Amino acid sequence: MIWETIKLAVQAIFRNAMRSFLTVLGIVIGVAAVIAMVTVGQGSTEQVTTDVEKLGSNVLMVLPGQDAMEGGPASTAYSLFSIRDNDAVQDQLSVVDIAAPLSIARSRAVFSNENRRTDIVGTDNRYFQAAGWELARGRFFETAEIQSGKPVCILGETVRSELFGYADPIGETIRIKTLSCKVIGLLQSKGASTFGSDQDDFVIMPIKTFHRRIAGNADVSTIYVSVREGVSTDRAKEEIETLMREIRRIGRGEDDDFTVMDMKQIATMLSGITDILTGLLSAVAAVSLLVGGIGIMNIMLVSVTERTREIGIRLAVGAQARQVLTQFLVEAIVLSLIGGLIGIVVGLALALIGANMLSIPFTPDPKIIVLAFAFSAAVGVIFGYFPARRAARLNPIDALRHE
Amino acid sequence: MNNVPAAKTPLIALHRITRIYGHGETEVRALDGVNLKINKGEFVAIMGPSGSGKSTAMNVIGCLDSPTGGQYLFDGVEVADLTQDQRALLRRHYLGFVFQGYNLLARTSALQNVELPLIYKGLLRAEREAAAHEALEKVGLAHRALHDPSELSGGQQQRVAIARALAGKPKVILADEPTGNLDTKRSAEIMEVLQHLNRTEGLTIIMVTHEEAMAQYADRLIWMVDGRIERDTPTQRAA
């Protein structure tokens, strides 16, 4: 009898193809939207987390001024650092593995007919080591080049492709302002950062060269620190702060005129943003689920008249209320299952496409899949079943005469 | 035909049956103490002005509606004592219905419509199809078995409905204005089918109609007014 009931239900589904299709569509939209959006949201959160880990959880940056996080680049009101400050951090603190000075300016790099406005960075080989840059071709700086400030430079991948296309840049000379600079190395690409900024868009030269030929002063804008292994960044941060206060002669009770920034802070800030993003996507998904549910509800309620008459006919020819209800329940369950399964497939496919387009990891969450499926199926079953139950309890003649 | 000797117990016996809709001021007595006996093999027509309770009587007899008061014995069994499910079984095994509006399932072939009662009788697919075909042949529609109701004329749809009522091999066929939506020629065809079934198969037929000409196909004519039976006479044809 159960098998017979299932067959009856399947027959009814095909007999009312349009109604069945619309019901299934409602469930598909609800389930697919939730799965796609939440999966993409969670993927981007995970992407941010791994990106921050890649930056190095053992990296600190010493920046001039306060509130560098909110204020962006340090304001000019605060005095910058010097090479001696950097060397003090490097030499006097055992918690510091590497301290590299960075000075940065925006300028145009020119080669032949091509040019690109980019970051010109002055530093030394310690920076490559601390930040984990690898060579794609050529070599790093030689000690003599650093000490005497030779006009040599190492390119990021973006600058190379803009200026040289497919040609080999090693040994060529590019021009920055009045400086003619020989290309000795090319860095391996790190690609875009989490928020799309290009990490390969710079030209690096010895800091002495930068000071003399580009900046015209001897300032250091950032001290890039990697903490010795096994030392907590919090402790390193404290020690650096104490040392910097000493060097910069900041008295008791006075505010720091520099900031030691920790990647954990950056991580917290970024994951705060992606949490908002995930929340937003989830809200949109919840609305889709609701809209899908209302769609299902409408179809079911619109067809109540026809179904009530059908129930009346079945009762008149001798069906018992229970038999009619089982049939309608099975029908609703079969429709919900079909819709739910299609919805899961469509949702995962959309999430996969989205993850590829945004280059974030594809991390489907079984909890969300189950939740979306259960909600839509419940709507389908409730609105398929309860009107039928009401009809089956009527006198057959009242069901038959239902307008 | 009405000379068939009466069985010891009548097939259908109504005793002071009432059916009341609403309460108090708005109370409507659709049936107001109906007494009626119908024997096996009779062809009875019920007539009366609209609102006289003829359809209500038909629905009570068919167990589609429950009486408010009185006694209804079907083949000696008190129907008022039956549960809803037991009444469904009674309809399933003993009663067949033909409605004015046909009441066929849409988008479902004539054959499948006729099979419907047999599904609930628990017949296997092959048995159902054979029985449904046989019933369609009796109403002359075997060649339209695979057509949907929307592809059939009104007269054909009503014949499918008769086949559906027949398929379960009931004891009684209840027809509520079966020709109400049909022209004279189609009406005559339907009545001939019903009359033929009554004569050759000994089926008891109870029919509500408001057309004198249709009532003349029956053997016995019951005239209702205001929820009561006013006249109960043999038809001219039978007399």
Side-chain angles (χ1 to χ4, degrees), chain A residues 1-23 299 302-328 330-331 335 388-403, chain B residues 19 21 30 55-67 83-109 112-125 128 148-149 161 164-170 174 176:
Chain A
M1 193 61 208
I2 275 293
W3 186 233
E4 190 64 35
T5 310
I6 293 175
K7 277 204 293 195
L8 271 180
V10 171
Q11 262 178 25
I13 287 169
F14 282 104
R15 181 146 45 81
N16 303 301
M18 184 48 96
R19 184 172 76 206
S20 307
F21 170 74
L22 291 173
T23 307
I299 297 301
V302 161
S303 60
V304 152
T305 297
E306 200 196 64
R307 315 197 105 194
T308 303
R309 295 181 61 112
E310 177 182 339
I311 289 168
I313 293 171
R314 289 179 184 276
L315 292 174
V317 301
Q320 294 174 333
R322 170 165 36 88
Q323 292 174 310
V324 175
L325 282 184
T326 314
Q327 183 204 325
F328 275 64
V330 169
E331 191 183 318
L335 279 182
R389 195 177 71 156
R390 210 182 45 197
R393 286 177 172 178
L394 294 173
N395 264 327
I397 194 64
D398 295 326
L400 276 172
R401 284 179 179 161
H402 188 85
E403 296 296 332
Chain B
R19 178 68 172 99
Y21 297 105
S55 282
T56 308
M58 169 75 83
N59 294 332
V60 167
I61 293 170
C63 298
L64 294 175
D65 198 0
S66 310
T83 63
Q84 216 184 9
D85 276 353
Q86 286 170 323
R87 282 203 291 273
L89 291 177
L90 197 135
R91 290 194 297 270
R92 182 186 300 177
H93 293 290
Y94 301 113
L95 305 176
F97 295 91
V98 180
F99 301 97
Q100 180 179 2
Y102 322 134
N103 276 328
L104 299 174
L105 292 184
R107 301 178 291 280
T108 306
S109 72
Q112 281 179 321
N113 263 295
V114 176
E115 276 184 51
L116 195 63
L118 305 177
I119 292 172
Y120 295 109
K121 277 194 133 180
L123 268 64
L124 297 176
R125 192 193 174 88
R128 288 202 309 258
D148 281 3
R164 181 179 63 189
L166 279 179
K169 303 217 182 322
L174 297 134
D176 190 354

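Numbered from 1 within each chain, the chains take letters A, B, ... in sequence-line order. Reckoned from all heavy atoms, side chains included, excluding hydrogens, waters and symmetry mates. These numbers were taken from a predicted model, which means no experiment stands behind them.
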| If you tally heavy-atom pairs under 4.5 Å against chain A, which of L104(B), L89(B), L105(B) wins? |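 The option with the most such pairs is L105(B).
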
| message | Does any backbone or side-chain atom of N16(A) lie under 4.5 Å from a heavy atom of chain B? Answer side chain, backbone, both or neither. | response |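 It is both, since atoms from each part get that close.
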
| field | Toward chain B, the part of R15(A) with a non-hydrogen atom under 4.5 Å | value |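 Its backbone and side chain both get close to chain B.
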
| request: Determine, stepwise, if the pair R91(B) / L64(B) fulfils side chain to side chain contact (heavy atoms under 4.5 Å, CB included). | output: CA-CA 9 Å; R91(B) 290 194 297 270; L64(B) 294 175; 3.7 Å; yes

Does any heavy atom of chain A fall under 4.5 Å from the side chain of [X], the backbone, both, or neither of them?
X	result
S109(B)	neither
R87(B)	neither
D85(B)	both

| request: Enter the distance from C63(B):SG to F97(B):CZ here, rounded to the nearest 0.5 Å. | output: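 C63(B) SG to F97(B) CZ: 7.0 Å, rounded to 0.5 Å.
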
| said: Quick check for you: to the nearest 0.5 Å, what is the distance between L400(A) atom CG and R314(A) atom CZ? | reply: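 Here the rounded value is 12.5 Å.
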
| field | Pairwise side-chain contact, Q323(A) with I119(B), heavy-atom cut-off 4.5 Å (strictly under) | value |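 SC-SC contact between Q323(A) and I119(B) ruled out.
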
| said: Is it the case that atom OH in Y21(B) sees more than 12 heavy atoms from other parts of the structure closer than 6.0 Å? | reply: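 Atom OH in Y21(B) is crowded, with more than 12 foreign heavy atoms closer than 6.0 Å.
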
